[in-house]
Amino acid sequence: MSSLRLFVAVLPPDAAIQELRRAVAPLHALPGAGKLRWTGTPSWHFTLAFLGAVEEELLPELDARLARAAGRTEPFPLRIHGAGRFDGRALWAGAAGAIDTLRLLAERADAAARRAGIPMTEHRRYSAHLTLARSRTDADLRPYVEALAGFEGTSWEVGELALVRSNLPGSGVPGERPRYETIASWPLGH
């Protein structure tokens, strides 16, 4: 029986990604930037629920339940906003707009996965973030957070929920990143 490594996400549109890319580019020149593992623009997303390894036999039920969760949530405005850090390990961009609706959609995605039979072991209050860089050791991320603190992306309407497969690197090449593939999506409010 095979499994897929999956998560549920909101994917920003290309215009929002390009705005953020332009804002992040100067950060690569800051002291210590070379020691960080920067995520690439194809991987920028707002994770709603991390599902982990999901057995393929659960996918039809997961599909039906995520479709229902998406249908019960009306489209809502969102924008990439500011920055923060998780200790010295992760630098992220935040979100602004209808955060309560984003949080509700995250709760619905988590509940859909549980009801589909997926053991959801990570349950904590949802914090909207888009990971920009990680560090294997504690790093001083304050200069990066300060540089992005005033970032205000253009608002867009979140119109769909995405199920994304994470293909982990297998080559052992240093710096190789996971590849993400959207395997299903559902319109909001339908």
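Residues: numbered from 1 along the sequence shown. Just so you know, these numbers come straight off a predicted model, no measurement behind them.
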Test item: [X] and [Y] side chains (from C-beta on) under 4.5 Å apart, heavy atoms:
| X | Y | value |
| --- | --- | --- |
| F7 | L48 | no |
| P77 | E157 | no |
| V10 | L102 | yes |
| D100 | F76 | no |

Quick one: [atom1] on [X] to [atom2] on [Y], what's the gap to the nearest 0.5 Å?
| X | Y | atom1 | atom2 | value |
| --- | --- | --- | --- | --- |
| L141 | F86 | CG | CZ | 11.5 Å |
| D110 | L105 | CG | CG | 11.5 Å |
| W38 | S43 | CH2 | OG | 12.5 Å |
| W92 | S127 | CH2 | OG | 5.5 Å |
| R165 | R5 | CZ | CZ | 11.5 Å |
| R65 | D63 | CZ | CG | 12.0 Å |

Report yes or no: do [X] and [Y] belong to one cluster of Ile/Leu/Val/Met/Phe/Trp/Tyr joined by side chain heavy-atom distances under 4.5 Å?
| X | Y | answer |
| --- | --- | --- |
| I99 | L148 | yes |
| I183 | I118 | yes |
| L163 | L104 | no |

Please name the pair of heavy atoms, one in [X] and one in [Y], separated by the smallest distance, quoted to 0.1 Å.
| X | Y | result |
| --- | --- | --- |
| E56 | P60 | O-CD, 3.8 Å |
| L59 | L6 | CD2-CD1, 3.7 Å |
| A162 | W186 | C-CZ3, 4.3 Å |
| M120 | A113 | SD-CB, 3.7 Å |
| A112 | L66 | CB-CD2, 3.8 Å |
| S3 | E55 | CB-OE2, 3.7 Å |

* Are S135 and L36 close enough, and set up right, to give a side chain to side chain contact (heavy atoms under 4.5 Å, CB included), and what steps lead you there? -> CA-CA 5 Å; S135 178; L36 298 176; 3.7 Å; yes
* Show your working on side chain to side chain contact (heavy atoms under 4.5 Å, CB included) between L78 and T101 and close with a plain yes or no. => CA-CA 10 Å; L78 196 67; T101 306; over 6 Å; no
Using modelled atom types and a 3.5 Å cut-off, is there a donor and acceptor pairing between side-chain atoms of [X] and backbone atoms of [Y]?
| X | Y | answer |
| --- | --- | --- |
| Y144 | A33 | yes |
| H28 | P26 | no |
| R89 | R136 | yes |
| T39 | L132 | yes |

* To do: Evaluate the side chain to side chain contact (heavy atoms under 4.5 Å, CB included) criterion for residues Y180 and W44: first the C-alpha distance (whole Å), next the side-chain angles of each, then the deciding distance (0.1 Å), finally the verdict.
  => CA-CA 10 Å; Y180 299 124; W44 287 354; over 6 Å; no
* To do: Just do the side chain to side chain contact (heavy atoms under 4.5 Å, CB included) check on V164 and E181 with the steps written out, would you?
  => CA-CA 5 Å; V164 182; E181 165 191 9; 5.7 Å; no
* **E146/R142 ion pair, N-O < 4.0 Å** => no
* Are a donor atom and an acceptor atom from the side chains of T47 and H45 found within less than 3.5 Å of each other? ->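 The criterion, which ignores hydrogens and geometry beyond distance, is satisfied for H45 and T47.
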* Asked: Any luck finding a side-chain donor-acceptor pair between T73 and R108 under 3.5 Å?
  -> yes
Side-chain donor-acceptor distances from residues 12-21 under 3.5 Å, at least two apart:
residue: Q18; atom: OE1; partner: R21; partner atom: NE; Å: 2.6
residue: Q18; atom: OE1; partner: R21; partner atom: NH2; Å: 3.2
residue: E19; atom: OE1; partner: T154; partner atom: N; Å: 2.8
residue: E19; atom: OE2; partner: T154; partner atom: OG1; Å: 2.4

* Asked: Does the ring center of F151 lie less than 6.0 Å from the ring center of H81?
  ->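 No - the distance between ring centres of F151 and H81 does not fall below the 6.0 Å cut-off.
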